[in-house]
Amino acid sequence: MVRVAEVLTALTAFLTAAVVAQTSSTSNQQPMGVYTVAETLFGGELWGPPSQWTPVTDAVRGGSSTAALDIMNQTARFSGTLDTSTLGGAGFASVRRYVNFDLSLFSGIRVVVAKADGMRYSINLKNSQQERRPDGRLESSVEFKYNFETRNSSSQQVFDAPFTAFKPYYRGREVTDPSKMPKLDLSNIQVFSIMIQSYFDAQKGDYNIVFDSIAAIGE
């Protein structure tokens, strides 16, 4: 009886440690909810050809960062180099796709990552496509951003982003003045982009993240 009790005690301790380890490994992920409505926006064939995703980097400001989206085995790899030396610590890289989404029946976005490098990324939404200035540069416009912190892991990571968590930004700065606070029109999403930023030298160098899918979710 004593030996059986010892075995049960050891087994309980092992299972407890396993649960703690699993909880710790997913601490940077948003908790997953139960949703009755889901629609895949990007995933599998819906990623489309890479030519539909346009790189937009700090090169528009004279920077040297690079970005690309490659489609492979039904997943999408966003990768490149985040350079901070050219612009004194600043830098960003992104890929943008023009869309025509009506997400008014949904409450958020679910991002499923297959592999990541431990860097912080963001999903950006815009209600209008940018016009070009006479010099060829794109006019600045408001975008709504959701940041998510990844783990350096080949295991799947899931991030749920409620639309209420998307914050308005203009020229890289969050809009906080209540009198100038724009509102995201979910019925008219015109631009969808994936971005990485340096946060003034907080992160830099090569980056690499692989997405399984991105979906609109609702209760």
Side-chain angles (χ1 to χ4, degrees), residues 26-48 52-56 67 69 75-76 78 92-114 116 119-131 138-151 156-197 199 203 207 209-219:
T26 58
S27 62
N28 288 334
Q29 295 181 231
Q30 296 295 322
M32 293 181 62
V34 177
Y35 297 95
T36 58
V37 180
E39 180 176 331
T40 301
L41 303 177
F42 306 108
E45 294 182 354
L46 293 178
W47 283 113
Q52 292 184 351
W53 295 85
T54 304
V56 180
L69 190 83
T75 64
F78 174 50
F92 76 90
S94 69
V95 287
R96 175 193 63 204
R97 180 166 167 177
Y98 291 129
V99 297
N100 186 20
F101 290 154
D102 180 354
L103 304 181
S104 57
L105 296 179
F106 301 93
S107 58
I109 298 288
R110 171 166 291 176
V111 179
V112 181
V113 174
M119 290 191 172
R120 179 188 295 181
Y121 294 86
S122 68
I123 297 296
N124 302 338
L125 306 176
K126 286 188 176 184
N127 286 138
S128 62
Q129 299 182 13
Q130 295 163 278
E131 300 291 336
L138 293 172
E139 290 280 3
S140 297
S141 61
V142 174
E143 62 184 358
F144 293 82
K145 183 190 303 289
Y146 175 80
N147 296 313
F148 58 98
E149 195 97 22
T150 67
R151 291 178 290 110
Q156 187 182 85
Q157 301 173 56
V158 180
F159 302 90
D160 288 343
F163 289 128
T164 54
F166 281 76
K167 304 299 182 183
Y169 281 75
Y170 182 71
R171 290 184 173 178
R173 296 182 180 275
E174 184 177 354
V175 179
T176 56
D177 185 342
S179 65
K180 300 179 180 179
M181 189 72 71
K183 185 177 180 180
L184 177 61
D185 181 0
L186 293 174
S187 68
N188 183 38
I189 305 300
Q190 293 291 313
V191 181
F192 191 103
S193 64
I194 303 168
M195 176 180 283
I196 185 170
Q197 296 172 260
Y199 299 102
Q203 55 182 16
Y207 62 90
I209 182 172
V210 178
F211 294 91
D212 271 333
S213 63
I214 299 175
I217 51 177
E219 298 179 356

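- To the nearest 0.5 angstrom, E39 atom CD is 9.0 Å from L105 atom CG.
- By the ring pair (Phe, Tyr, Trp, His ring centres under 6.0 Å) test, F101 is found to be paired with F42, residues two or more places apart in sequence or in another chain being considered.
- Comment: R120 engages E149 in a salt bridge, judged by a side-chain N to carboxylate O separation of less than 4.0 angstrom.
- Between I189 atom CD1 and K126 atom NZ the span is 12.0 Å, to the nearest 0.5 Å.
- With R110 as reference, D160 is the one residue of L41, D160, T40 to meet the side chain to side chain contact (heavy atoms under 4.5 Å, CB included) rule.
- Between F163 and F106, the distance separating the two ring centers is not shorter than 6.0 angstrom.
- Ring-centre distance between F148 and F159: below the 6.0 Å cut-off.
- Taking both residues in full, the closest heavy atoms of F78 and S94 are given as CZ-CA, 3.9 Å, listed atom of the first, atom of the second, then distance.
- With hydrogens and angles ignored, the 3.5 Å screen pairs a side-chain donor or acceptor of W53 with a backbone N or O of W47.
- Taking all atoms of both residues into account, the shortest heavy-atom contact from I109 to A216 is CD1-CA, 4.3 Å.
- With 3.5 Å as the limit, one finds a donor-acceptor pair spanning the side chains of N147 and Y199.
- Residues passing the side-chain hydrogen bond (donor to acceptor under 3.5 Å, both in side chains) test with Y170: none are found, sequence neighbours excluded.
- Between the Q157 side chain and the R151 main chain, a donor and an acceptor come within less than 3.5 Å of each other.
- Across all their heavy atoms, N100 and Q190 have their closest contact at OD1-NE2, 3.5 Å.
- Distance OG1/T54 to CZ/R96: 5.0 Å, rounded to 0.5 Å.
- Ring pair Y146/F166 is tilted by interplanar angle, where 30° to 60° counts as tilted.
- For the atom pair K167 NZ and T176 OG1, the distance stands at 11.0 Å (nearest 0.5 Å).
- A93 and Y207 get closest at one heavy-atom pair: CB-OH, 3.4 Å.
- Residues passing the ring pair (Phe, Tyr, Trp, His ring centres under 6.0 Å) test with Y121, sequence neighbours excluded: none.
- Of the inter-residue distances, the one linking S122 atom OG with F144 atom CZ reads 14.0 Å to the nearest 0.5 angstrom.
- Of the possible donor and acceptor atoms, none in the side chain of S141 sits under 3.5 Å from a partner among the backbone N and O of S128.
- Smallest separation of non-hydrogen atoms from K183 and N127: O-OD1, 3.9 Å.
- Minimum heavy-atom separation, F192 to L125: CD1-CD2, 3.4 Å.
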